[in-house]
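The structure appears right after this line, and notes come after that.
All figures in this text were calculated on a predicted structure; none of them were measured in a lab.
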Amino acid sequence: MFAGRHSYHAINRLLTSGNSWNIVQRTLGCSRSTISSAIKHAARTAMPTQSATLDGVAKKSVAIILWLLVENGSQFTRGKKAVREQIAGMLLTRFRGKRVNDTETRLVIQFTDDADLKAQIDEMLAEIHQMADFQNCEIIDLTLQEETTGRYWDEYNGGWN
């Protein structure tokens with residue numbers, strides 16, 4: 001069976017290098033619950049998530065407040081608590097997130113240029129929606145607000161408004 005501290009490090013290395021949960025699952029042959037446990041382990045042990053440079057290129061960073069409301073998909077499904085925990089674990093690990101309250105998380109995203117920022121945010125949003133879909137839950141509201149300027153991320157146009 002796939003478990004243990006060494007496999008957790010492999011999972012977190014793959015996640016911090018930008019791989020999605022699906023890729024980690026296929027690459028290592030582990031379950032989604034193992035990935036979730038690895039993320040929680042990394043948050044407890046304060047593993048570094050991203051380096052300051054990538055191939056010698058200095059990275060910029062932006063602080064974002066993510067507001068998220070998750071609900072069960074119907075009266076017959078359960079799982080919104082698990083989805084919230086999975087999303088929080090991913091955000092804490094990959095983006096040095098810090099929970100503000102039940103619905104808000106403060107993130108720091110490091111990026112090289114606007115295209116890199118857009119790609120990271122798009123991937124993050126896709127993963128959040130995928131985690132909710134996997135548990136038959138719905139994302140009722142998801143808002144990204146830049147902490148310093150107060151601008152909001154426009155999910156459709158892929159930029160700040």
statement: side-chain contact (heavy atoms from CB on, under 4.5 Å) with Ile64: of Thr148, Leu144, Val108, only one passes, and it is Leu144
- prompt: Does one side chain, of Gln25 or Arg32, offer a donor that lies under 3.5 Å from an acceptor on the other?
  reply: yes
- prompt: When you check the gap from the basic side-chain N to the acidic O, do Arg94 and Glu123 get nearer than 4.0 Å?
  reply: yes
- prompt: For the atom pair CG (Leu117) and OG1 (Thr112), what is the distance rounded to the nearest 0.5 Å?
  reply: 9.5 Å
query: Any side-chain donor paired with an acceptor under 3.5 Å for Ser31 and Thr34?
result: yes
message: Please check this pair: side chain of Arg84 against backbone of Val70, looking for a donor-acceptor N/O pair closer than 3.5 Å.
response: yes
message: Strictly below 4.0 Å, N to O, side chains only: are Asp122 and Lys118 in salt-bridge contact?
response: yes
message: Using 0.5 Å steps for rounding, measure from the CG atom of Leu92 to the CD1 atom of Ile39.
response: 9.0 Å
- request: Could you verify whether a donor N or O on one side chain and an acceptor N or O on the other, from Trp21 and Gln130, lie under 3.5 Å apart?
  value: no
task: Indicate the atoms forming the closest heavy-atom contact of Arg106 with Ala63, along with that distance.
output: NH2-CB, 3.4 Å
statement: By salt bridge (Lys or Arg N to Asp or Glu O under 4.0 Å), Glu104 pairs with (sequence neighbours left out) none
CD on Gln86 to SG on Cys137, rounded to 0.5 Å: 9.5 Å
query: Looking only at heavy atoms, what is the nearest atom pair of Lys80 and Asn72, with distance?
result: N-OD1, 3.2 Å
field: Under 3.5 Å: donor-acceptor pair, side chain of Glu138, backbone of Asp133
entry: no
